[in-house]
Structures are given as C-alpha cells and as structure tokens.
Amino acid sequence: EIVLTQSPGTLSLSPGDRATLSCRASQSLSTAYLAWYHQRRGQAPSLLIFGASRRATGIPERFTGSGSGTDFSLTINGLEPEDFGVYYCQLYDGSPFMHTFGQGTKLEIK
Amino acid sequence: QLHLQESGPGLVRPSETLSLTCTVSNGSISDSRYYWDWIRQSPGKGLEWLGALYFSGSTFYNPSLKSRVTISLDTSKNQFYLKLTSATAADTAVYYCARQEYHYAMDVWGQGTTVTVSS
C-alpha cells in the first residue's frame, strides 16, 4: 500500500503570498493518478488538480500542480482569502483498486 | 449540474449496521464514464476512502474495511448505498458520497452527513 506524506502540517501565510505544499509518496506512482483537493471548514473537499498538473474546471491559474515519481507539489501564487483551509493530495493505485489520501496541510492566515 | 445528496440515520448504536443513501440528481448513475464512491472523515482527522461502485455493479473496497463494507446501487432510483456492519465508535465520522471521473479523481462531492456511533 502506497502512503502519502504531506508537508508541512501547517503553513501560515498572508494574502498575496505564495504557498508551496508537498506530497511525497512511499513508492513511485503514475502522475496520471495524483490529485489535489481543498477543504474549507465545514464543507466537503473540492477538486483542484488531477493528473498531477491539470486544473479542474473553474480552478484559477494561480493553482499549479507539478511533480513526478514520488515527489509532488501544489503551488498557489498570490493567496486569496478563500484559499485558506486544508489541502489534501490523493492517489489512485490500480493494484488493487484503491484510493489513498495524504493527511493534509492546513493553510492558515498569518 | 450534477448533485449528490447523502441521507441516513445520524445516530447508530454500537454493533449495529450503518446504512447511508446517496441520491444522484441532474445526472445518471448509469453513466459508464464514472465510478461512485464513499469517503469518510473522522472528527479532526483526514479523509479515508471506503469504496467505489461501477454502474455494472462491480465494487471495490478499502482492504482495511473490506469485511464490513458493502456498496450497492439502484439504477431505477438513481441512488447508491453504503452499509457498514458491526459499527463502533471509530466509525463516527462525516460520510461523503462522490463521483470519480476517468482520471481517478473525485470531481463532485455531496455535502456530507454526520454519523455518530453511540449507545
């Protein structure tokens, strides 16, 4: 079973800053199967990035996903107030059919 | 726009079966492009994938829960279901249903429903 480790646990930044979130996999995986989600307090997660770098419908260009192998990252340029919350990475592992989430990075207002 | 809505009891007694329904609207559960998933989030914790269902009836479960989880569907009602047997306090969580698209990401989520396991 592949384990996803996200860092940092908490990131304290100000509006307008750049945020860089990391997601490291315990084994190399296909970029096609890595996604990122954003969850605001009291709400369901929402899809930001799929296929490691492809923005979901309606996601602003300030969100950029990148990486390959075991190291992936989500960069948010010019933080907006609505960007704060918790971010999760997620992978699909086809052997067997299984989804795993990282433990999350909390992005909080400094 | 596709909408998912979870429903079911908010309180389940220990050792009983937790049963939830996800109603799909403005879209078809028989759409061959998608899987239909259940995910949960324990208080203050992260996300845990429980399992997924394809319109054909094929199911896929988290190995850690496989012996207790059953996911099924009713295409006539455009609904799919979660059953989790032998519930314990550790199953207390917000339960989400979601659509999984062909890139294996969950692109539409329900609002979630809170289930507490307690006597």
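The sequence lines fix the lettering, A, B, ..., with proteins before strands; numbering per chain opens at 1.
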Participant: Grouping I, L, V, M, F, W and Y whenever their side-chain heavy atoms are under 4.5 Å apart, do A:Leu47 and B:Leu4 come out in a common cluster?
Facilitator: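 Per the 4.5 Å side-chain linkage, A:Leu47 and B:Leu4 are not co-clustered.
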
Participant: Identify which part of A:Ala56 has an atom lying under 4.5 Å from any heavy atom of chain B, answering side chain, backbone, both or neither.
Facilitator: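 Neither part, no heavy atoms under 4.5 Å.
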
Participant: Quick check on the hydrophobic clustering: are B:Leu65 and B:Leu82 connected, directly or via other members, by side-chain heavy-atom contacts under 4.5 Å?
Facilitator: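 Looking at the clustering, B:Leu82 is in the same group as B:Leu65.
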
Participant: Rounded to the nearest 0.5 Å, what's the gap from OH on B:Tyr35 to OH on A:Tyr92? Could you check?
Facilitator: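 Going from the OH atom of B:Tyr35 to the OH atom of A:Tyr92 covers 6.0 Å.
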
Participant: Please report the interatomic distance CD(A:Glu1) to CG(B:Asn62), rounded to the nearest 0.5 Å.
Facilitator: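 Answer rounded to 0.5 Å: 7.0 Å.
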
Participant: Under the criterion side-chain contact (heavy atoms from CB on, under 4.5 Å), I'd like the reasoning laid out for B:Ile39 against A:Phe101: C-alpha separation, chi angles, the key distance, then a yes or no.
Facilitator: CA-CA 10 Å; B:Ile39 299 117; A:Phe101 290 89; 4.2 Å; yes

Participant: Say you draw a straight line from OH of A:Tyr37 to CG of B:Leu47; how long is it, rounded to the nearest 0.5 Å?
Facilitator: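 It is 9.0 Å, given to the nearest 0.5 Å.
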
Participant: Using the salt bridge (charged side-chain N to carboxylate O under 4.0 Å, His left out) rule, collect all pairs that involve residues 78-94 of chain B, keeping only residues at least two apart or in two chains.
Facilitator: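 Sorted pair list: B:Arg40-B:Asp91, B:Arg68-B:Asp91.
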
Participant: Under 4.5 Å between side-chain heavy atoms, hopping through other hydrophobics if needed: is there a path connecting A:Phe50 to A:Ile59?
Facilitator: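 No, it is not one cluster - the side chains of A:Phe50 and A:Ile59 are not joined through contacts under 4.5 Å.
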
Participant: Would the number of heavy atoms belonging to other residues, nucleotides or ligands and lying under 6.0 Å from CZ of A:Arg18 be above 12?
Facilitator: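 For A:Arg18, atom CZ is not crowded (no more than 12 foreign heavy atoms under 6.0 Å).
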
Participant: Evaluate the side-chain proximity of B:Phe60 to A:Met98: yes if any heavy-atom separation is below 4.5 Å, no if none is.
Facilitator: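 No - every pair of side-chain heavy atoms lies 4.5 Å or more apart.
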
Participant: For B:Leu50, which atoms come within 4.5 Å of any heavy atom of chain A: side chain, backbone, both, or neither?
Facilitator: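 Neither part, no heavy atoms under 4.5 Å.
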
Participant: With a 4.5 Å cut-off on side-chain heavy atoms, are A:His99 and B:Asp37 touching?
Facilitator: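 Answer yes - side chains close enough.
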
Participant: Top residue by heavy-atom pair count (under 4.5 Å) with chain A, among B:Gln111, B:His103, B:Glu101, B:Lys45?
Facilitator: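 With the most close heavy-atom pairs to chain A, the winner is B:His103.
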
Participant: For the candidates A:Gly104, A:Ala44, A:Ala35, A:Pro45, which exhibits the highest count of non-hydrogen atom pairs separated by less than 4.5 Å from chain B?
Facilitator: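 Of A:Gly104, A:Ala44, A:Ala35, A:Pro45, A:Pro45 has the most heavy-atom pairs under 4.5 Å with chain B.
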
Participant: Over all heavy atoms of both residues, which pair between B:Tyr96 and A:Gln43 is shortest? Give the atoms and the distance, please.
Facilitator: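 Here B:Tyr96 and A:Gln43 meet closest at OH-O, 3.5 Å.
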
Participant: Under 4.5 Å from any heavy atom of chain A, what part of B:Ala98 do you find: side chain, backbone, both or neither?
Facilitator: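 When you check distances to chain A, no heavy atom of B:Ala98 falls under 4.5 Å.
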
Participant: Would the distance check show the side chain of A:Gln90 and the main-chain N or O of B:Tyr104 forming a donor-acceptor pair, the cut-off being under 3.5 Å?
Facilitator: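 Yes: the side chain of A:Gln90 pairs with the backbone of B:Tyr104.
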
Participant: Could you please state which residues from residues 64-88 of chain A sit under 4.5 angstrom from chain B, measuring non-hydrogen atom to non-hydrogen atom, sorted by number, or 'none'?
Facilitator: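 Residues in range: A:Tyr88.
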
